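Only a predicted model underlies this, so the values are computations on that prediction, with no experimental measurement involved. Proteins get letters first, then strands, A, B, ... in listed order; numbering begins at 1 in each.
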Amino acid sequence: MIEAKILEKTCEAVKTLYGYVLNPDSIGLENTKKEIAGDFTIVVFSLLKISRKSPEATATDIGTFLQLNMPEIASFNVIKGFLNLVLSDAFWMNFLVQNSLTPGYGCQPVRDERPVVLEYSSPNTNKPLHLGHIRNNLLGFSLAEILKANGHNVVKVNLVNDRGIHICKSMLAYMKWGNNETPASTGIKGDHLIGKYYVLFDRHYKEEIQELVEKGIPKEEAERRAPLIVEAQEVLRRWEARDPETTELWKMMNGWAYEGFDLTYKRLGVDFDHIYYESETYLLGKDLVMEGLAKGALVRKEDGSIWADLTNEGLDEKLLLRADGTSVYMTQDLGTAQLRYDDYRPESMIYVVGNEQNYHFDVLKRVLARLGKEYSDHIFHLSYGMVELPEGKMKSREGTVVDADDLMEEMFQTAEETTRELGKANELSGEDALVLFNTISLGALKYFILKVDPKKNMMFDPKESIDFNGNTGPFIQYTYARIQSLLKKAATAGHLPENAKISPVQALLPAEKDALKRMYNFREAVAQAGKEMSPAIIANYAFDLAKGFNQFYQEMPVLKEEDMDKVNLRICISKFTGDIIRRSMNLLGIDVPERM
RNA sequence: GGCCCUGUAGUUCAAUGGAUAGAACGGAAGUUUCCUAAACUUUAAAUCUGGGUUCGAUUCCCGGUGGGGCUACCA
């Protein structure tokens, strides 16, 4: 790691020049800006108190010392308090040789055998997946890939919310108006069929409420007393009592949902190592609560209900067990956290869940801490923002939800149209063309979502997402395909030996050097992304790299036979750029086609 | 009311406390004998507001203000 060496030598310089022992962490070291000559920049302003000299003089002192004591540093320049270090061509050549021969470029070896348990997706079985789930799934899957590259074992888990009042609503509607239809009899995908009944329930429920309100009953009361909701609650009671008929229907309808989800997951390219079902875990957590009560970490109120009093931590009181002994969502989540910990003994547990549950996870961690669970410090809520549409927020009742399956299909069709218009698919067989359209359309969707900082709410404009120009997945895929094509051509022309040797080129073209720097930076970005857990960093680097390659290519002069040395070097750079683009796309879970 | 997140070109997004705040789309003007124009070049255009900390603030702190979320004995 050259940065570490620069820091170490800088400390040495400060000690030699000014007789002061410096902490390496206090030095500002960064990548030099693109427009300025240099590779790394030391910001010396913070050293002025020690040197008691002007910024320029201090930077020059240190630069001179470093140049004398580090063979990797070819030269330096000083602009105000910025010391820009220029690394030698030999360093970059060596970097290229070393890394172009390393298969797992940018990867770290496994550092901890204990896994990271990563929960994502977590669907409800009463309706199909929508755009919000897509953001969740893509973030979860990408994060898993990035964590793996950073030396973690990852267990991807999905907690399916397969019980509760919502599925009972769909079941009730099906009993009333279903006519025994099935996905097979209707040709409707299972999850969509269930969604249909959920919507049907909601419509009739609304009508009932309206009727009651017209009779002069207050709205809240009407919502509680409407016959349909009362009946749905009865279904839930029967389910909890394990009534055979109800259980049978529940199993059948959930089966439909799973079949549908599997297709959606498969198309999106995400998967799981283990699936937890809430129907099997919803009773967990009571023991933990009773244990906590015995330890005095929790309190029992007069009516018998049990609470966590978090008022001294700036939060409210949180109910954990009702007076009748039944549990709530939080109780259940305490239980599943413990179950997950017992199952895997993980180094950490990550939950990819939307930011509307920030408070929930805050409380979850605090309660676990009170219960003496040291693993609560290793729970991380990857909270992501909502996906908004140009027309406003997604509301299922107003029909403004973007369905995941519909969206992928639309993207596919647009990819096909655009590609055919440009004549890119003319030479492809029917099957190859379908694979290509699928790769491009999903690349567009995934990249569009992942390039945005997860924390922020984002705007999803379907029209813009299928634009294949600019900072988009297809642009990066296209660049990669071009590189592959270039390499193929070089190989057939005999310019690409088995292990392309790098010849002793004395001076790199500026664009070549820039290309190498981008690669170096990318490796750092991967390491950083592990810490920051941000696919957005990887995504934006991938674009930067793709754009850089295109510029590099434009700058490349026409090559002649006698320039074989340079040909080899450029082939190596192209190959390496291609490797990194593929790698970054893989980290994000985006496929790249060999040709377009 | 309280708590959390957020406010950057016309739009969608970037920017470990650093240099002239970057891209992309859209607008204006150009470029194709090389591998593939799904590309490249040039150009106009932005940090919500008022304080504070700092050699230096889009970034950190405090106040205001716009947007979003949470504040259920739902999950």
Compute whether any side-chain donor of one residue and acceptor of the other, for A:Asp39 and A:Tyr520, lie under 3.5 angstrom apart. no
Answer with base, sugar-phosphate or nothing: what part of the nucleic acid does A:Val452 contact at a heavy-atom distance below 4.0 Å? sugar-phosphate
Need to verify one output field. Residue with the more 5' nearest nucleotide on RNA chain B, A:Asn457 or A:Val43? A:Val43
So what does A:Asp316 touch, heavy atoms closer than 4.0 Å: a base, only the sugar-phosphate, or nothing? sugar-phosphate
pair_partner(B:rC70), Watson-Crick or wobble, both distances < 3.5 Å, evaluates to B:rG2
Can you check whether A:Lys456 has a side-chain N or O nearer than 4.0 Å to OP1 or OP2 of B:rC5? no
Would you indicate which nucleotide in B:rA19, B:rC4, B:rG68 comes nearest to any side-chain atom of A:Met386? B:rG68
Same-atom distance (P) from B:rA37 to B:rU31, integer angstrom: 16 Å
So what does A:Leu321 touch, heavy atoms closer than 4.0 Å: a base, only the sugar-phosphate, or nothing? nothing
Determine the contact category for A:Glu35: base if any of its heavy atoms lies under 4.0 Å from a base atom, sugar-phosphate if only primed atoms, P, OP1 or OP2 are that close, otherwise nothing. nothing
So, for A:Phe460 and A:Phe448, is the gap between ring centers shorter than 6.0 Å? yes
Does the ring of A:Phe45 meet both stacking tests against the six-membered base ring of B:rG18: centre distance under 5.5 Å and plane angle under 30°? yes
Among B:rA39, B:rC73, B:rG7, the one nearest A:Arg482 by side-chain distance: B:rA39
Integer angstrom distance from the P of B:rC62 to that of B:rC70: 24 Å
What nucleotide among B:rC13, B:rG18, B:rC73 has an atom nearest to a side-chain atom of A:Glu30? B:rG18
Hey, does A:Tyr553 reach any base, or is it just sugar-phosphate, or nothing, if we go heavy atoms under 4.0 Å? base
Of the nucleotides B:rU71, B:rA75, B:rA38, which has the atom closest to the A:Gln332 side chain? B:rA75
Under-3.5 Å N/O pairs linking protein and nucleotides 40-43 of chain B:
residue, atom, partner, partner atom, Å
B:rU41, OP1, A:Gln551, NE2, 2.7

Is any side-chain nitrogen or oxygen of A:Lys451 closer than 4.0 Å to OP1 or OP2 of B:rA24? no
Classify the nucleic acid contact of A:Ala481 as base, sugar-phosphate or nothing, counting any heavy atom under 4.0 Å across all strands shown. base
Base, sugar-phosphate alone, or nothing: which one does A:Asp453 contact when heavy atoms must sit under 4.0 Å apart? sugar-phosphate
Any ion pair linking A:Lys219 and A:Glu223 (charged N to carboxylate O, less than 4.0 Å)? yes
How is A:Asp303 classified with respect to the nucleic acid when contacts are heavy atoms under 4.0 Å: base, sugar-phosphate, or nothing? base
Whether the A:Asn550 and A:Thr479 side chains hold a donor-acceptor pair (N or O, under 3.5 Å, no angle test) is what I'd like checked. yes
Would you say the side-chain atoms of A:Asp162 and A:Ser279 include a donor-acceptor pair closer than 3.5 Å? yes
Would you call A:Lys127-A:Asp191 a salt bridge at under 4.0 Å N-O? no
Side chain of A:Lys49 - closest among B:rC4, B:rA23, B:rC55: B:rC55
Distance check, C1' atoms only: B:rU11 and B:rC34, in whole angstrom units. 37 Å
Pick the closest RNA chain B nucleotide for A:Gly164 and for A:Phe460 by heavy atoms, then say which residue is nearer the 5' end. A:Phe460
Taking only the side-chain heavy atoms of A:Tyr478 (C-beta and beyond), determine which of B:rA19, B:rU71, B:rA39 contains the nearest atom. B:rA39
Does any non-hydrogen side-chain atom of A:Ile440 lie less than 4.5 Å from one of A:Phe468? yes
Heavy atoms only, 4.0 Å cut-off, all strands: where does A:Lys455 land among base, sugar-phosphate and nothing? sugar-phosphate
So does A:Asn469 get a side-chain nitrogen or oxygen closer than 4.0 Å to the phosphate oxygens (OP1/OP2) of B:rA39? yes
Does the side chain of A:Thr281 pick up a donor-acceptor pair with the side chain of A:Thr336 at under 3.5 Å? no
Give A:Thr418 one of three labels, base, sugar-phosphate or nothing, depending on what nucleic acid heavy atoms sit under 4.0 Å from its own. nothing
Categorize A:Asn84 for me: base, sugar-phosphate, or nothing, with a 4.0 angstrom heavy-atom threshold over every strand shown. base
Does A:Thr326 reach a base, just sugar-phosphate, or nothing at all? Heavy atoms under 4.0 Å. nothing
Using a 4.0 Å heavy-atom cut-off across all strands, classify A:Leu29 as base, sugar-phosphate, or nothing. base
Reckon A:Tyr359 touches a base, only the sugar-phosphate, or nothing at all at heavy-atom distances under 4.0 Å? sugar-phosphate
For the P atoms, the ones on B:rG2 and on B:rA72, what distance do you get once it is rounded to whole angstrom? 16 Å
